[in-house]
There are 2 protein chains.
Amino acid sequence: MTTVLIADDQPLQRFGFRMLLESQDDMTVLGEAPGGSDAVRMTAELHPDVVLMDIRMPGLDGIEATRRIVAQGHRTRVLILTTFDLDEYAYAGLRAGASGFLVKDALPEELLSGIRSVASGDAVVAPGLTRRLLDAYVQLLPSETPHTSHTPPEPDPRLATLTDREREILTVIGQGWTNAEISARLHVAESTVKTHVTRILAKTGSRDRIQAVILAYDTKLVRPA
Amino acid sequence: MTTVLIADDQPLQRFGFRMLLESQDDMTVLGEAPGGSDAVRMTAELHPDVVLMDIRMPGLDGIEATRRIVAQGHRTRVLILTTFDLDEYAYAGLRAGASGFLVKDALPEELLSGIRSVASGDAVVAPGLTRRLLDAYVQLLPSETPHTSHTPPEPDPRLATLTDREREILTVIGQGWTNAEISARLHVAESTVKTHVTRILAKTGSRDRIQAVILAYDTKLVRPA
DNA sequence: GCCACCGTAGTACCGCGGTACTACACCCCT
DNA sequence: AGGGGTGTAGTACCGCGGTACTACGGTGGC
């Protein structure tokens with residue numbers, strides 16, 4: 001028995017899917033999620049085999065919801081459905097960890113067999129997208145990037161809005177110092193360091209100090225030993 | 001009308017394929033090639049829409065035959081068929097320019113729809129292979145470092161004791177991925193990722209993943225953007 | 001046939017990192 | 001004089017990261 005969660009913001013669409021799936025005697029619809037965050041929460045509770053995920057949803061979109069569901073680490077597979085066969089969505093969804101990608105104008109049998117494939121651990125890609133996926137894959141294989149451009153030390157725009165103090169903090173972050181170490185060696189309170197760090201992350205668009213370390217290297221604020 | 005050339009060294013196999021295809025009123029078998037060089041020559045003469053290509057053939061094998069057929073620059077698409085679902089063959093064939101890859105134990109309908117898809121410009125991949133293909137594809141995306149290059153990666157002594165898998169994990173750590181992301185995109189449990197990370201830190205003498213990121217840069221496992 | 005290693009996976013626990021919010025002194029600018 | 005940016009600092013909270021341990025199937029070496 002394959003258990004399915006339907007994530008779509010359109011009630012009519014959900015109804016259609018539910019009718020189709022319930023007509024199969026090897027499938028059960030565990031529930032319907034009208035939004036991305038609902039999908040994430042319900043997946044954590046119900047552990048469906050497959051989540052039928054629409055991409056366009058209010059709040060958390062299907063891509064991010066997929067990422068979080070996959071990150072839950074359970075066996076739940078995500079099958080992404082969308083109205084259009086836009087590549088960016090497909091690739092973003094697959095990068096997010098989805099097990100498949102189908103367009104909504106697929107035949108009912110195609111959807112059903114797609115769900116069964118995904119549930120059994122296989123992956124499915126809409127026929128019209130497989131070629132582009134392969135092309136992209138093949139192009140990735142022999143990629144040679146010699147880029148030997150020597151750029152003189154000019155201020156990277158990503159660091160433009162940082163204050164001197166923040167740039168100083170970022171430098172020692174890039175050298176791997178913990179907040180406690182920065183606090184001790186720069187003679188300020190750790191809470192102060194945290195304030196600086198948070199502002200640096202916000203200004204540079206980094207989600208955590210790891211990204212900041214990478215940024216420090218990429219901008220040559222710090223250099224490899 | 002879809003025209004097909006059958007390239008297979010086994011007469012019985014060719015017969016089976018011919019019977020199946022001729023039973024369809026939208027398909028015609030233009031000819032049968034018992035070897036790779038025959039397939040190349042006959043394709044140049046007959047210009048079929050699709051070549052059904054066996055991989056294992058005497059003389060020129062299916063991979064090389066595919067490469068030469070694609071190099072002819074015509075509309076002919078190559079659909080590779082093999083008995084086994086060996087990855088090397090699949091990837092080699094796709095790299096050679098094939099439009100699809102199916103295993104011989106596929107259902108007749110799957111083969112027929114595969115031929116039609118390929119003839120119409122789409123690509124097909126055997127269901128059981130799609131997942132591996134996606135995995136390989138997704139794993140390629142973040143790693144802009146083609147260590148498949150001619151220069152063998154000079155082994156930094158600090159990385160000497162790492163296994164291949166650990167070096168792989170360290171690479172994506174160096175690119176800033178969280179454990180959850182590594183888990184999702186490499187399709188292993190987060191607990192597995194944690195085990196790997198802990199071993200990497202222990203082996204490299206890093207106290208946390210920040211130090212590992214720095215090490216990855218210093219050893220040129222990853223390079224600044 | 002056995003053993004070591006590897007990759008996988010799980011659980012339990014704790015601490016650092018990051019957020020959100022507030023606060024205040026200082027400096028510079030208008 | 002007022003206001004905005006900066007550097008400092010605090011509290012409370014939560015989640016990710018890391019550790020310690022166990023476990024098991026596969027593989028390769030001896």
Side-chain angles (χ1 to χ4, degrees), chain A residues 37 40-41 44 47 60 64 67-76 121 159-216, chain B residues 87 131-132 135-136 139 159-216:
Chain A
S37 43
V40 175
R41 181 175 40 76
H47 298 312
L60 212 62
E64 186 56 30
R67 188 169 289 118
R68 299 191 186 182
I69 285 173
V70 171
Q72 289 177 5
H74 292 98
R75 281 294 163 185
T76 298
L159 307 179
T161 62
L162 295 183
T163 67
D164 290 343
R165 187 60 158 170
E166 285 163 355
R167 200 172 280 107
E168 184 184 357
I169 303 277
L170 177 55
T171 302
V172 296
I173 289 178
Q175 283 156 359
W177 296 19
T178 65
N179 288 340
E181 286 170 346
I182 298 173
S183 162
R185 302 190 196 181
L186 296 188
H187 301 100
V188 290
E190 188 172 347
S191 62
T192 302
V193 178
K194 285 190 171 186
T195 303
H196 284 310
V197 171
T198 297
R199 285 177 185 164
I200 290 170
L201 298 186
K203 283 185 178 180
T204 61
S206 308
R207 74 174 161 199
D208 54 32
R209 78 198 288 117
I210 311 266
Q211 303 291 338
V213 171
I214 293 173
L215 179 67
Chain B
D87 290 357
R131 163 155 302 279
R132 302 187 202 170
D135 288 352
Q139 285 188 18
L159 307 180
T161 62
L162 295 183
T163 67
D164 289 343
R165 188 59 158 170
E166 287 163 353
R167 202 170 281 108
E168 183 183 358
I169 303 276
L170 177 55
T171 302
V172 295
I173 289 177
Q175 281 154 2
W177 296 18
T178 65
N179 288 338
E181 286 171 345
I182 297 172
S183 160
R185 303 187 195 184
L186 263 44
H187 296 101
V188 292
E190 188 171 349
S191 62
T192 302
V193 177
K194 284 189 171 187
T195 302
H196 284 309
V197 171
T198 297
R199 286 178 185 162
I200 290 170
L201 298 186
K203 284 185 177 179
T204 61
S206 309
R207 73 174 161 200
D208 54 32
R209 77 198 288 116
I210 311 268
Q211 303 291 337
V213 170
I214 294 173
L215 179 67

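Chain letters run A, B, ... following the sequence lines, proteins first and then strands; every chain starts at 1. FYI, side chains are in, hydrogens and waters are out, and symmetry mates aren't considered; it's all heavy atoms of this structure. Quick caveat, the model's predicted, so the values are computed rather than measured.
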Query raised in the report: Can you tell me how far C1' of dC5(C) sits from CG of L162(B), to the nearest Å?
Result: 15 Å
Query - Gap between atoms CD and P, on Q211(B) and dG18(D) respectively (whole Å) - result: 11 Å
Requested in this report: Could you tell me which residues satisfy side chain to side chain donor-acceptor pair (under 3.5 Å) with Q211(A), sequence neighbours excluded, listed by chain and number?
Outcome: none
Query raised in the report: In residues 179-196 of chain A, which ones come under 4.0 Å of DNA chain D, going by heavy atoms?
Result: V188(A), A189(A), S191(A), T192(A), T195(A), H196(A)
Enumerate donor-acceptor pairs with a distance under 3.5 Å from any side-chain N or O in residues 175-186 of chain A to protein atoms, sequence neighbours excluded.
{"residue": "T178(A)", "atom": "OG1", "partner": "E181(A)", "partner atom": "N", "Å": "3.2"}
{"residue": "N179(A)", "atom": "OD1", "partner": "R209(A)", "partner atom": "NH1", "Å": "3.0"}
{"residue": "N179(A)", "atom": "OD1", "partner": "R209(A)", "partner atom": "NH2", "Å": "3.3"}
{"residue": "E181(A)", "atom": "OE1", "partner": "T178(A)", "partner atom": "N", "Å": "3.0"}
{"residue": "E181(A)", "atom": "OE1", "partner": "R207(B)", "partner atom": "NH2", "Å": "2.9"}
{"residue": "E181(A)", "atom": "OE2", "partner": "R207(B)", "partner atom": "NH1", "Å": "2.6"}
{"residue": "E181(A)", "atom": "OE2", "partner": "R207(B)", "partner atom": "NH2", "Å": "3.3"}
{"residue": "S183(A)", "atom": "OG", "partner": "V188(A)", "partner atom": "O", "Å": "2.6"}
{"residue": "S183(A)", "atom": "OG", "partner": "E190(A)", "partner atom": "N", "Å": "3.4"}

Report summary line: E166(B) CD to dG7(C) C1', in whole Å, measures 9 Å
Query raised in the report: Is R199(A) salt-bridged to E166(A), cutoff N-O under 4.0 Å?
Result: no
**Report entry** side-chain N/O R209(A) vs dG18(C) OP1/OP2, d < 4.0 Å
**Finding:** yes
Query raised in the report: Hey, is the side chain of R165(B) poking within less than 4.0 Å of OP1 or OP2 on dT8(C), counting only N and O atoms?
Result: yes
**Report entry** Nearest-nucleotide pick for L201(B), side chain only, options being dG18(D), dG7(C), dG7(D)
**Finding:** dG18(D)
Report task. Send over the distance from L170(A) CG to dT6(D) P, rounded to a whole Å. Result -> 15 Å
Query - the helix from dG1(C)-dC30(D) to dT30(C)-dA1(D): angle between end helix axes, five pairs per end, rounded to 10 degrees - result: 50°
Report summary line: For R167(B), the side chain to side chain contact (heavy atoms under 4.5 Å, CB included) test, sequence neighbours excluded, returns L159(B), L162(B), D164(B), L221(B)
**Report entry** G174(B) to A216(B) - nearest heavy-atom pair and separation
**Finding:** CA-CB, 4.1 Å
Report summary line: Residues passing the side chain to side chain contact (heavy atoms under 4.5 Å, CB included) test with T198(B), sequence neighbours excluded, are none
Report task. Nearest-nucleotide wise, let me know which of D164(A) and A202(B) is further upstream toward the 5' end of DNA chain D. Result -> D164(A)
Query raised in the report: Given atom CD1 of I210(A) and atom P of dG17(D), what is their separation to the nearest angstrom?
Result: 8 Å
Query raised in the report: In whole angstrom, what separates K203(A)'s NZ from dG18(C)'s P?
Result: 17 Å
Query raised in the report: So, do H196(B) and T192(B) sit near enough that their side-chain heavy atoms are less than 4.5 Å apart?
Result: yes
Query raised in the report: Side chain of R199(A), base of dG7(D): donor and acceptor closer than 3.5 Å?
Result: yes
**Report entry** Distance, rounded to the nearest Å, where I200(B) contributes CD1 and dG17(D) contributes P
**Finding:** 14 Å
**Report entry** side chain to side chain donor-acceptor pair (under 3.5 Å) involving S206(B) - partner list, sequence neighbours excluded
**Finding:** T204(B)
**Report entry** Residue pair A212(B) / I173(B): nearest heavy atoms and the distance that separates them
**Finding:** CB-CG2, 4.2 Å
Query raised in the report: Can a side chain N or O of T198(A) be found less than 4.0 Å away from OP1 or OP2 on dA20(C)?
Result: no
Report summary line: So CD1 of I214(B) and CD1 of I214(A): to nearest 0.5 Å the spacing works out to 10.5 Å
Report task. Could you pull out all residues at least two apart from S191(B) that satisfy side chain to side chain contact (heavy atoms under 4.5 Å, CB included)? Result -> A189(B)
For nucleotides 25-30 of chain C, give me every protein contact, N/O to N/O, under 3.5 Å, one pair per line with atom names.
none

Report summary line: Separation between OG1 (T195(B)) and CD1 (I200(B)), nearest 0.5 Å, reads 10.5 Å
